[in-house]
Amino acid sequence: NAVKPDAVVLTGDLVHDCLDQSQWDEYKRIEGMLDKSISIFRIPGNHDILHKEGLDLEPFIKEFGSDRFCGKIGNVRLVGMDTNIIKYASGGTEEKELIQWLTEALAGKGEGELSIVFGHHPFFRSG
């Protein structure tokens with residue numbers, strides 16, 4: 001709050017155990033301490049979803065409504081994508097829908113506008 005940023009971007013692992021409601025409640029309590037004038041953008045990390053027996057984004061979506069964001073602060077477009085989809089459901093329908101959403105989110109970039117894309121997992125990795 002003392003720094004007064006325009007925005008805070010959180011790229012996941014907001015909780016350790018997404019099935020423990022007390023962890024979500026504590027996260028929200030701490031987030032609630034931020035000045036209401038600060039925009040908050042968040043995407044899930046692997047601890048915020050279920051991924052052992054297929055991909056289940058519901059724990060995060062239940063708490064926040066969406067697993068991605070696209071917002072603008074001045075001339076900077078902030079785009080957050082759920083990279084859990086790429087890591088745990090690569091090649092599936094969810095990944096295709098995510099790439100389509102990302103393409104559309106980046107398509108409307110204005111003159112002199114900067115876009116920054118955020119994810120929890122690295123976008124490119126070998127090995």
Side-chain angles (χ1 to χ4, degrees):
N1 286 336
V3 175
K4 299 197 184 311
D6 293 327
V8 172
V9 176
L10 301 157
T11 58
D13 288 348
L14 308 179
V15 297
H16 180 70
D17 179 358
C18 68
L19 298 177
D20 183 346
Q21 187 61 47
S22 69
Q23 291 183 25
W24 289 113
D25 294 344
E26 180 63 4
Y27 167 79
K28 287 179 178 180
R29 184 191 70 77
I30 294 167
E31 181 182 286
M33 296 167 58
L34 286 175
D35 187 297
K36 302 303 178 225
S37 67
I38 300 169
S39 297
I40 301 171
F41 299 95
R42 62 186 90 70
I43 51 175
N46 53 299
H47 286 267
D48 304 319
I49 55 118
L50 297 168
H51 57 82
K52 300 291 185 206
E53 298 174 19
L55 184 63
D56 183 356
L57 306 174
E58 187 58 28
F60 186 87
I61 290 172
K62 182 184 106 189
E63 299 297 329
F64 299 110
S66 181
D67 66 334
R68 56 198 74 168
F69 64 80
C70 184
K72 204 167 167 200
I73 302 293
N75 70 336
V76 178
R77 181 183 305 218
L78 305 173
V79 179
M81 59 186 276
D82 184 353
T83 56
N84 289 300
I85 293 171
I86 296 168
K87 182 164 182 160
Y88 300 114
S90 183
T93 303
E94 296 95 342
E95 182 181 29
K96 290 176 183 145
E97 290 172 356
L98 178 66
I99 298 304
Q100 178 65 34
W101 174 87
L102 179 62
T103 301
E104 291 171 9
L106 295 173
K109 185 175 150 193
E111 181 73 27
E113 188 176 282
L114 173 68
S115 295
I116 303 173
V117 178
F118 297 90
H120 180 72
H121 301 284
F123 294 118
F124 305 99
R125 189 177 108 189
S126 61

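Each residue takes its place number in the sequence, starting with 1. Every value quoted in this text rests on a predicted model; they were computed, and no experiment measured them.
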Q) Got a sec, which hydrophobics cluster with Met33, joining ILVMFWY side chains under 4.5 Å apart, including via others? A) none
(Q) For Gly91, is there any backbone N or O sitting under 3.5 Å from a side-chain donor or acceptor partner on Glu95? (A) yes
Q. Just wondering, do Asp48 and Tyr27 contact through their side chains at under 4.5 Å, heavy atoms?
A. no
Q. Would a hydrophobic clustering, with Ile, Leu, Val, Met, Phe, Trp and Tyr connected at side-chain separations under 4.5 Å, put Val76 with Ile43?
A. yes
(Q) Under the rule for side-chain contact (heavy atoms from CB on, under 4.5 Å), what residues qualify as partners of Lys28, not counting sequence neighbours? (A) Glu63, Phe64
Q.
Please determine whether residues Leu34 and Phe69 belong to a single hydrophobic cluster, defined as Ile, Leu, Val, Met, Phe, Trp and Tyr linked transitively by side-chain heavy-atom distances below 4.5 Å.
A. no
(Q) How long is the straight-line distance from OG1 of Thr83 back to CG of Asp67, given to the nearest 0.5 Å? (A) 10.0 Å
Q) Heavy atoms, side chains only, cut-off 4.5 Å: are Glu31 and Ile40 in contact? A) yes
Q: Please round to the nearest 0.5 Å and tell me the distance separating atom CD1 of Ile85 and atom CD of Glu97.
A: 8.5 Å
(Q) I'd like to know whether Met81 forms a side chain to side chain contact (heavy atoms under 4.5 Å, CB included) with Trp101, so could you lay out the CA-CA distance, the side-chain angles of the two residues, the decisive distance to 0.1 Å, and finally the verdict. (A) CA-CA 9 Å; Met81 59 186 276; Trp101 174 87; 4.2 Å; yes
Q. Are any side-chain N or O atoms of Asn84 and backbone N or O atoms of Pro44, one a donor and one an acceptor, separated by less than 3.5 Å?
A. yes
(Q) According to a hydrophobic-cluster definition based on side-chain heavy atoms being under 4.5 Å apart (Ile, Leu, Val, Met, Phe, Trp, Tyr only), do Ile86 and Leu102 belong together? (A) yes
Q) Hey, does the side chain of Asp35 reach the backbone of Asn1 with a donor-acceptor pair shorter than 3.5 angstrom? A) no
Q: Please round to the nearest 0.5 Å and tell me the distance separating atom OG of Ser66 and atom CG of Asp82.
A: 9.0 Å
Q) Checking Asn75 side chain against Glu113 main chain: does a donor-acceptor pair fall under 3.5 Å? A) no
Q. Just by modelled atom types, is the Asp17 backbone N or O under 3.5 Å from a matching donor or acceptor in the Gln23 side chain?
A. yes
(Q) I'd like to know if the side chain of His47 and the backbone of Val15 have a donor-acceptor N/O pair within less than 3.5 Å. (A) no
Q. What distance separates Thr93 OG1 from Leu98 CG, expressed to the nearest 0.5 Å?
A. 12.5 Å
**Q.** Separation between CD1 of Ile116 and CZ of Phe41, rounded to the nearest 0.5 Å
**A.** 11.0 Å
Q) Any link between Val117 and Ile73 through a network of hydrophobic side chains (Ile, Leu, Val, Met, Phe, Trp, Tyr) touching at under 4.5 Å? A) no
Q. Is Val9 reachable from Leu114 through a run of hydrophobic residues whose side-chain heavy atoms are each under 4.5 Å from the next?
A. yes
Q. Once you round to the nearest 0.5 Å, how far does CH2 of Trp24 lie from CG of Leu14?
A. 5.5 Å
(Q) For the backbone of Ala105 and the side chain of Arg77, can you confirm whether one donor and one acceptor N or O come within less than 3.5 Å of each other? (A) yes
Can you list, pair by pair, the side-chain donor-acceptor contacts under 3.5 Å of residues 50-61, counting residues two or more places apart and other chains?
residue: Asp56; atom: OD1; partner: Glu58; partner atom: N; Å: 2.9

